[in-house]
Amino acid sequence: MHTPSEIIYEFSDSRSDPRAPRSVEPTREDLEWLFAALFDAYGPRHWWPTVHGGSFELVVGAILVQNISWSNVERALVNMRDAGVWSFREILDAPDEEMHEIIRPSGYYKAKTRKLKEFAEFILGEHDGDLARLFALPIGEMREQLLSVWGIGEETADDIILYGAKKPSFVIDMYTRRLLARLGWEIRGKSYAAYQELFHKLLPHDPYLFNEYHALIDYHVARICRKKPLCDQCVLAEDCPVGLGVTQP
DNA sequence: TACCAGGTGACTG
DNA sequence: CAGTCACATGGT
């Protein structure tokens, strides 16, 4: 499943000059260089993280992790399993007050209770409660259906498509945006679609590549390219304008 | 202590 | 389209 980049992809090791004027859109070589550098440094990430495993947990976890740390989500997932709420039918049947207590550690527990129930209604009503039926749809149709569910935005939809259905829809999050900005790469437009189109335009649509690429970005940014970046520990520092002191974080 | 964390929807200019 | 705010817990 996870193979070193140099075996599957003949990625370039050249890229635009990190000292060049800013506001430069990344090239194919830039994106290939970034992936190779992160993969060589960290190796495969084996995402998505799981507590018990399975597609049900993947979807629930993707919703619960919205703007919260995964460690908080783990508690909520354990609570759900312990409480015997471990299917979309059981989510729908559980009283709101009970769901609130069960998922409280994941934060925003009232909003997320509604989100879980909205998704449960969707999958039970439209796909007979079977995630495999949703995952069998073409990417465009699957994404459209997911986005129609209240509480499922673009990142959560792509998490489900990429890590659940294992189809190539590149995941963009705040970490992706921060890293690209720090590297001095400017994207036309600030929308999610603008960022995603960049990766889709320049990289092969391989679910394993997209899986590892996003996972590597998040691993690296969470640990090194934080709000206060740890450039002295960063494997990209010599090729990054922030690491070189050319620009401010 | 105050800030931060793998977003989304509602609302505004 | 782009900016702002509410939503809420647990770790550092």
Side-chain angles (χ1 to χ4, degrees), chain A residues 23 34-35 38 42 44-51 57-80 83 96-122 143-164 166 169-182 186-199 207 210-230 233 249:
Chain A
S23 300
L34 176 59
F35 177 81
L38 294 176
Y42 303 124
R45 294 292 87 214
H46 304 298
W47 263 23
W48 178 281
T50 61
V51 177
E57 181 184 284
L58 180 284
V59 171
V60 172
I63 291 170
L64 294 184
V65 80
Q66 290 173 2
N67 202 37
I68 209 73
S69 62
W70 179 255
S71 64
N72 289 48
V73 177
E74 288 182 334
R75 299 165 186 275
L77 291 173
V78 168
N79 287 352
M80 285 180 66
D96 283 358
E97 299 71 28
E98 184 186 348
M99 285 303 300
H100 291 170
E101 294 314 306
I102 291 172
I103 70 168
R104 180 180 294 277
S106 69
Y108 312 110
Y109 58 87
K110 291 181 184 174
K112 286 177 177 174
T113 289
R114 180 181 169 194
K115 291 177 182 183
L116 291 178
K117 293 199 171 202
E118 295 265 1
F119 188 92
E121 279 193 18
F122 157 73
R143 198 166 192 274
E144 188 178 355
Q145 288 194 13
L146 286 167
L147 292 175
S148 75
V149 180
W150 189 90
I152 306 292
E154 296 198 271
E155 187 195 337
T156 306
D158 288 329
D159 283 336
I160 293 170
I161 295 169
L162 182 58
Y163 294 101
K166 304 189 187 307
S169 198
F170 204 93
V171 176
I172 305 297
D173 59 6
M174 288 310 298
Y175 283 169
T176 309
R177 295 170 190 250
R178 180 193 299 169
L179 181 59
L180 267 53
R182 290 254 170 90
E186 295 291 333
I187 281 68
R188 259 192 293 280
K190 297 185 152 184
S191 68
Y192 187 100
Y195 280 84
Q196 188 180 49
E197 284 167 11
L198 181 76
F199 287 89
F210 284 10
N211 175 323
E212 284 299 341
Y213 207 146
H214 173 70
L216 285 163
I217 288 174
D218 278 25
Y219 184 78
H220 174 73
V221 176
R223 292 173 6 125
I224 306 295
C225 202
R226 314 204 282 215
K227 289 214 170 179
K228 288 171 64 79
L230 306 178
Q233 302 176 38

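Here is the naming used below: chain letters follow the sequence lines, and residue numbers restart at 1 for every chain.
Remark: C1' of B/dG6 and CG of A/Leu58 are 13 Å apart, rounded to the nearest angstrom. One atom, CD1 of A/Ile63, and another, C1' of B/dG6, lie 14 Å apart when rounded to the nearest Å. If you take CZ of A/Arg177 and C1' of C/dA2, they are 12 Å apart, rounded to a whole angstrom. Put simply, NZ on A/Lys112 is 9 Å from P on C/dA8, counting in whole angstrom units. Atom-to-atom, CD of A/Gln66 to P of C/dC7 comes out at 16 Å; the value is rounded to the nearest Å. As rounded to whole Å, 10 Å separates atom C1' of B/dG6 from atom CH2 of A/Trp70. The distance between atom CG of A/Asn72 and atom P of C/dG10, rounded to the nearest whole Å, is 7 Å. A/Asn67 has its CG atom 13 Å from the C1' atom of B/dC3, to the nearest Å.
With C/dA8, C/dG10, B/dG6 as the candidates, the nucleotide lying closest to the side chain of A/Glu155 is B/dG6. Taking only side-chain atoms of A/Lys227, from C-beta outward, the nucleotide of B/dG6, C/dG10, B/dC4 with the closest atom is B/dC4. In the set C/dT9, B/dG6, C/dA2, the nucleotide with an atom closest to the side chain of A/Lys190 is C/dA2. The nucleotide whose nearest atom lies closest to any side-chain atom of A/Lys115 is, among B/dG6, C/dG10, B/dT8, B/dT8. With C/dA8, C/dG3, B/dG6 as the candidates, the nucleotide lying closest to the side chain of A/Asp173 is B/dG6. For A/Tyr175, taking side-chain heavy atoms from C-beta onward, the closest of the listed nucleotides B/dA10, C/dC7, B/dA5 is B/dA5. Candidate nucleotides B/dG6, C/dT9, C/dC7 were compared by shortest atom distance to the side chain of A/Val65, and B/dG6 ranks first. In this structure, of C/dA8, B/dG6, B/dT8, it is B/dG6 that holds the atom nearest to the side chain of A/Pro49.
Heavy-atom contacts from other residues, nucleotides or ligands closer than 6.0 Å to CD of A/Glu98 number more than 12.
Between A/Ser69 and B/dC4 there is no side-chain N or O to OP1 or OP2 distance below 4.0 Å. Dashed line: the shortest gap from a side-chain N or O of A/Trp150 to OP1 or OP2 of B/dA10 is under 4.0 Å.
Separation of the P atoms belonging to B/dT8 and C/dG10 is 22 Å when rounded to the nearest angstrom. Separation of the P atoms belonging to B/dG6 and C/dG3 is 23 Å when rounded to the nearest angstrom. C/dA8 and B/dA2 are spaced 16 Å apart, taking the C1' atom of each and rounding to whole Å. Distance check on atom C1': C/dC7 versus B/dA5 gives 14 Å, rounded to whole Å. Between C/dA6 and B/dC3, the distance separating the two P atoms is 15 Å to the nearest Å.
Residues A/Thr156 and A/Gln66 have side chains that bring a donor and an acceptor to within less than 3.5 angstrom of each other.
Note on A/Lys110: only backbone sugar-phosphate atoms sit closer than 4.0 angstrom, heavy atoms only; bases stay farther off. Backbone-only engagement by A/Ile152 is indicated by non-hydrogen atom pairs under 4.0 Å involving sugar-phosphate atoms exclusively. At the heavy-atom level, A/Arg178 lies under 4.0 Å from the strands shown only through sugar-phosphate atoms. When heavy atoms are screened at a 4.0 angstrom cut-off, A/Arg75 is found touching the sugar-phosphate backbone but no base atom.
Taking the six-membered ring for Trp and thresholds of 30 and 60 degrees, A/Phe35 and A/Tyr213 have ring planes inclined between 30 and 60 degrees apart. Relative ring orientation between A/His220 and A/Tyr42 is described as tilted, the plane-to-plane angle lying within the 30° to 60° band.
Here A/Asp218 contributes atom CG and A/Tyr175 contributes atom OH; the two are 6.5 Å apart, rounded to the nearest 0.5 Å.
The aromatic ring centres of A/Phe119 and A/Phe122 sit less than 6.0 Å apart.
A/Trp48 pairs in a side chain to side chain contact (heavy atoms under 4.5 Å, CB included) with only one of the listed residues (A/Leu162, A/Val65, A/Ile160), which is A/Val65.
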